[in-house]
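Right, one structure below, let's go through it.
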Amino acid sequence: MSSNRREFLKQAGIGGGVLLFGNGIVSAFESRAGENLVHEKGAEGTHQLPPLPYEYNALEPVIDEQTMRLHHDKHHAGYVKGLNNAEAKLKEARQANDFVLIKHWERELAFHGSGHILHNIFWENLSPKGGGEPDGKLAKAIEAEFESFDAFKAQMIAATNAVEGSGWGVFAFHVPFKKIVILQAEKHQDLTIWGAIPLLVIDVWEHAYYLKYQNRRAEFVTNIFDIINWKEVAGRFDRAMS
Ligand code: MN3
């Protein structure tokens, strides 16, 4: 992102949502609070590694400089590279109408896309001036849902400690339920990109088709396109974009 554009975004106070510029859509769902999370989806459609919002040593002694350098410059950068690669490979597959590796590249998309978005949020969640407790609306919401900040904090710590294997503790706002929740993400790629808002879903649990189609899931999935309410899907897209 050019420094001019960065400055414009900062001055405009734009941190999230959908931004339209001459070269198309700038980050529909990738953005969050900080302006350096507003990524360009430029002509190449590539994602970029945002710089840390503070110095590498700014979070000492809680997180050491070397860890920050490796975590941001190597690990997070790897997710960005992998995400761009997965998108490129999926584009190639569509163009060739060759989906023999579809499971592999969808997994790569989920793994690297989730890694990218979660690390963006992680860096922004931290600050050398952090700590204490929230106030305002968030404090009220936490009190209403969890009874007290201490109870919330205890559950967040317990849930994060108990993540099986690699993963994340996640404090989230659930849009359809209009509710704050604490979640665990085991691994992070199971096969979603965090932050995605569903527009169209197709149930392929066996209960959804087995009586009629038995093991012929592909036939069910093809046929369902004859009954999709695209007007409703488009409405969801409009609402998600706004
Ligand atoms: Mn990490």
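Every number for a ligand or one of its atoms is a count from 1 in the order of the listing.
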Next item on the list: Evaluate the ring planes of His47 and His116, with Trp represented by its six-membered ring, and classify them as parallel (under 30°), tilted (30 to 60°) or perpendicular (over 60°).
Entry: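 Geometry flag for His116 against His47: perpendicular rings.
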Notebook entry, point to check: Can you name the side-chain hydrogen bond (donor to acceptor under 3.5 Å, both in side chains) partners of Thr67, sequence neighbours left out?
Noted result: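 Testing Thr67 for side-chain hydrogen bond (donor to acceptor under 3.5 Å, both in side chains), a comparison that skips the adjacent residues, returns Asp64.
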Next item on the list: Enumerate the residue pairs fulfilling salt bridge (Lys or Arg N to Asp or Glu O under 4.0 Å) with a member in residues 143-170, sequence neighbours excluded, ordered by first and then second residue.
Entry: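 Every salt bridge (Lys or Arg N to Asp or Glu O under 4.0 Å) pair that includes a residue of residues 143-170, provided the two are not neighbours, is Glu145-Lys179.
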Check: Under the ring-ring contact (aromatic ring centres under 6.0 Å, His included) test, which residues partner Tyr210, sequence neighbours left out?
Finding: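 Per chain and number, Tyr210 pairs via ring-ring contact (aromatic ring centres under 6.0 Å, His included) with no residue.
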Notebook entry, point to check: Between Asn223 and Tyr213, is any side-chain donor less than 3.5 angstrom from a side-chain acceptor?
Noted result: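 The answer is yes; a qualifying pair exists.
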Check: Are a donor atom and an acceptor atom from the side chains of His119 and His71 found within less than 3.5 Å of each other?
Finding: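 Note: His119 and His71 side chains meet the donor-acceptor criterion.
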Item checked: 2.8 Å cut-off (strict), protein N, O or S atoms about the Mn ion (ligand 1) ->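 Every protein N, O or S atom under 2.8 Å from the Mn ion (ligand 1) counted, the figure is 2.
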